[in-house]
Asks: 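I'd like to ask some things about the structure below.
A, B, ... follow the sequence lines: proteins, then strands. Residue 1 opens every chain.
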Amino acid sequence: MSCNDCNKVGDPRYDELQVYIDSLRDKPHFESYLIAVLHRAQGLFGYLSEETMNYVSCDMNIPTAQIWGVATFYHFFNLAEQGKHTVSVCMGTACYVKGAAEVLETLKKELGVEVGETSADKIFTLDEARCVGACGLAPVMMIDDEIYGDLTPDKVVAIIKKYREKAKGAA
Amino acid sequence: MTTDQITIYINNKQYQIKKGQTIMKAADSLGYHIPRLCYHPKLSIEGACRVCIVEVEGAKSFVASCAAPVVDGMRIRTNTKAVRQARRDIVELILDNHPQDCHTCERDGNCELQRLSSSMGISERFFEGQRKHYEQDISSKSVVRNPNKCILCGRCVRMCSQIQKVTNLGLAGRGFQTVVMPAFDQGMEDSVCVNCGQCINICPTAAFLEQGHSEAVFDLLNDDSLVKVVNVAPSVRAAIGESFGLEAGKNCEGQIFASLRKLGFDYVFDTNFTADLTIMEEAAELVQRVTTGGVLPMITSCSPGWVKCLEQFHPDMVAHLSTCKSPMSMAGAIIKTYFAGKISVDPKKMVNVGIMPCTAKKYEAARPEMNTNGNISTDYSLTTRELAWMIKSAGIDFVNIKPEEPDNPIGLSSGAGVIFGATGGVMEAAIRTAYHMITGKEMGEVKVEAVRGFEGIKEAALDVDGMEVRVAVAHGLGNAAKLMDIVKKHPEKYHFIEIMACPGGCIGGGGQPYPMTNSIPLDEKSLAKRASALYNSDDANELRRSHENPFIKTLYEEFLGEPLSEKSHKLLHTHYQQRGPNGIIPKEIEPLSA
Ligand code: SF4
Ligand code: SF4
Ligand code: FES
């Protein structure tokens with residue numbers, strides 16, 4: 001096994017990542033830029049795959065166990081491929097009291113996933129959120145930047161259907 | 001009074017101490033043992049568990065004594081009602097999400113958490129916390145990971161990265177969800193783990209354990225259709241007594257041989273004999289490499305943790321490893337060929353068990369390269385701890401048993417064989433025989449002081465009848481990594497290198513008894529005591545050199561021919577692989593030159 005094995009030649013995203021890492025290489029405490037590098041990698045690939053983490057490990061000479069520690073510590077990092085849309089259900093107190101759990105259950109069933117997972121058709125990733133500041137509309141979910149309030153299971157199903165059709169139409 | 005002295009008060013008593021140390025260190029030196037958990041003197045300070053809190057006058061809250069430095073005039077209290085209560089609460093909170101199954105736990109009676117909780121006077125459990133439930137990782141041949149027992153002190157993580165430089169373990173996730181695991185949550189088997197077992201030794205609980213084989217061996221011992229053979233590694237005798245409350249450094253070989261017969265083994269052998277055999281082959285290999293322009297430096301290959309470490313982190317260097325099998329695997333090869341022939345038994349009807357200070361030996365035993373004529377050479381490899389448990393479980397009175405001798409022909413050994421167990425021992429033993437092979441003469445002084453002791457990297461330039469032989473010794477994989485850096489920069493610097501994966505060599509192996517109440521893992525004082533048991537045994541032996549062992553001579557005359565013969569090559573030598581396990585950090589690597 002050599003370093004060449006993880007030179008993902010041909011994928012311009014790795015070239016870009018490489019340029020970024022190289023631009024940091026001479027800074028003091030180069031390794032402390034790990035989070036920034038992972039951030040950039042996620043920007044390029046949408047999530048952090050084992051392959052990407054191995055690449056960063058190799059290039060920055062940081063053991064993968066440490067990279068894995070950082071990647072799993074910060075909620076921000078995605079460890080699996082993300083869907084086209086992120087559905088976040090607000091689990092803040094107000095939403096919870098007004099039935100967020102039921103909304104979440106409906107979404108799990110409708111999308112066939114658990115929290116943090118992506119649907120088989122790669123259209124939706126299901127997520128939980130802390131209070132999004134729309135308590136008046138509770139229970140609330142967000143799809144990307146859009147807020148949907150006063151939800152019932154039926155409304156949830158209808159909204160998902162709309163997104164799904166649109167995504168399929170575009171494809 | 002010099003200026004680096006300061007005055008502190010502990011529990012209202014005044015002391016003059018050196019400045020620039022932590023409260024805990026100062027207290028230790030003054031005879032106050034502050035309870036602790038995440039702290040270990042050889043590892044970086046984490047300050048995570050807060051068990052070590054003390055009261056400091058003027059401070060707003062309790063102070064973690066492992067991290068806070070002493071200051072002139074400081075008034076410290078270690079045992080007030082408030083601090084005792086707070087400490088107890090901290091330990092109770094740890095206990096809350098720890099399983100309450102002490103009576104079925106492998107570390108019952110030998111667990112730091114148990115000791116801590118009893119020293120806090122915790123007699124009831126008030127909180128019932130949320131309990132974690134994780135799958136145990138039993139994928140590895142050597143090391144079992146059980147996150148359910150983990151209290152997140154982080155000692156294993158620091159051990160694996162700071163002392164061993166393997167960095168297989170990390171803390172993944174956050175908060176209640178935090179788990180100690182290899183990268184990508186992969187099984188230990190697929191990880192970069194080298195099976196050294198040091199995480200087992202350093203863990204305060206049973207969150208890491210060896211893959212246990214004692215029950216399987218009990219089953220074999222009850223099978224009358226099999227011929228049961230066992231061999232005991234050098235360093236086991238120097239440590240097993242600790243499991244029975246004996247002082248560290250007592251050589252218990254006679255008790256071990258006697259106990260193994262009582263357990264039901266038919267032939268009780270000594271791995272020291274095959275240590276002598278390893279020296280014959282390895283010294284001959286060194287001489288051959290030096291005289292014929294072979295790959296140098298030659299590096300020892302008897303530590304299976306080190307072998308895997310080199311295969312995966314220095315794959316460009318596999319040609320440097322001696323092709324000699326380890327004493328355990330040589331024992332298996334000789335037992336299942338030469339010895340099977342002597343007693344006219346089909347090797348398939350024999351089982352051979354190795355008693356080893358090591359967890360990585362389980363991995364070595366399972367490597368197919370170690371097989372002999374299609375038979376597994378070592379059917380099971382047990383750790384010192386497992387043997388101690390079997391002896392207890394079988395009701396054998398180890399402490400008072402009458403010592404016995406091992407059986408021959410794989411019993412008698414020279415002093416060179418026994419010192420294998422301490423760092424520098426293989427080197428010293430090899431030099432004694434290589435000297436003879438090169439010069440035809442014997443060394444006057446057999447001791448090679450320069451390679452003894454616990455210095456991380458030891459070097460010596462030896463005068464072999466006018467020829468200079470330069471050697472180096474490293475123990476612990478962190479030191480090995482440093483030594484490999486030197487070798488890569490200066491390929492001509494050494495002829496011969498000994499590396500042992502564990503700090504101290506085999507005496508500090510990952511399968512050795514857990515530290516007792518009054519000692520800690522990696523403690524050099526207890527390691528030195530174990531080492532002295534081996535060096536004393538060497539001193540007391542009339543035979544000091546492997547090539548003087550009469551049974552070794554007979555083995556070559558009757559069976560092998562000479563060192564490096566075709567037969568030796570077939571039975572006693574092996575080959576290695578360049579590995580690239582998932583989760584590795586590949587450094588710049590030169591391709592292997594054919
Ligand atoms: S056995 Fe050794 S290499 Fe493997 S995880 Fe434990 S300390 Fe690390
Ligand atoms: S596995 Fe053991 S040593 Fe490692 S963090 Fe958990 S309790 Fe501490
Ligand atoms: S021992 Fe000091 S914080 Fe853990």
Asks: Please report the closest heavy-atom contact between Thr72(A) and Ala172(B), naming both atoms and the distance.
Replies: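 Of all heavy-atom pairs spanning Thr72(A) and Ala172(B), the closest is OG1-CA, 3.3 Å.
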
Asks: Can you tell me if NE2 on His85(A) sees more than 12 non-hydrogen neighbours from other groups inside 6.0 Å?
Replies: yes

Asks: More than 12 foreign heavy atoms under 6.0 Å from NZ of Lys488(B): is that the case here?
Replies: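 Yes, because the 6.0 Å sphere around NZ of Lys488(B) holds more than 12 heavy atoms from other groups.
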
Asks: Considering non-hydrogen atoms only, spot the tightest contact between Gly170(B) and Ala65(A) and give its length.
Replies: N-CB, 4.1 Å

Asks: Look up atom CG in Leu171(B) and atom CZ in Phe73(A), then write down how far apart they are to the nearest 0.5 Å.
Replies: 10.0 Å

Asks: Are there over 12 heavy-atom neighbours, none belonging to Tyr148(A), within less than 6.0 Å of that residue's OH?
Replies: yes

Asks: So for atom CD, which belongs to Glu102(A), do other residues, nucleotides or ligands contribute more than 12 heavy atoms lying within a distance under 6.0 Å?
Replies: no

Asks: Are there more than 12 heavy atoms of other residues, nucleotides or ligands under 6.0 Å from atom CZ of Arg25(A)?
Replies: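 Enclosed.
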
Asks: Considering residues, nucleotides and ligands other than Ile457(B), do more than 12 of their heavy atoms fall under 6.0 Å from its CD1?
Replies: yes

Asks: Sort out for me which of Pro182(B), Cys160(B), Gly173(B), Ser161(B) touches chain A most, counting heavy-atom pairs under 4.5 Å.
Replies: Gly173(B)

Asks: Could you grab the distance from atom CG of Asn168(B) to atom OG1 of Thr64(A), nearest 0.5 Å is fine?
Replies: 8.0 Å

Asks: With side-chain contact (heavy atoms from CB on, under 4.5 Å) as the criterion, how do Phe184(B) and Asn54(A) come out once you've worked through the C-alpha distance, each side chain's angles and the decisive distance to 0.1 Å?
Replies: CA-CA 10 Å; Phe184(B) 316 134; Asn54(A) 270 327; 3.8 Å; yes

Asks: Of all the heavy-atom pairs spanning His75(A) and Arg174(B), show the shortest one and how long it is.
Replies: N-NH1, 4.2 Å

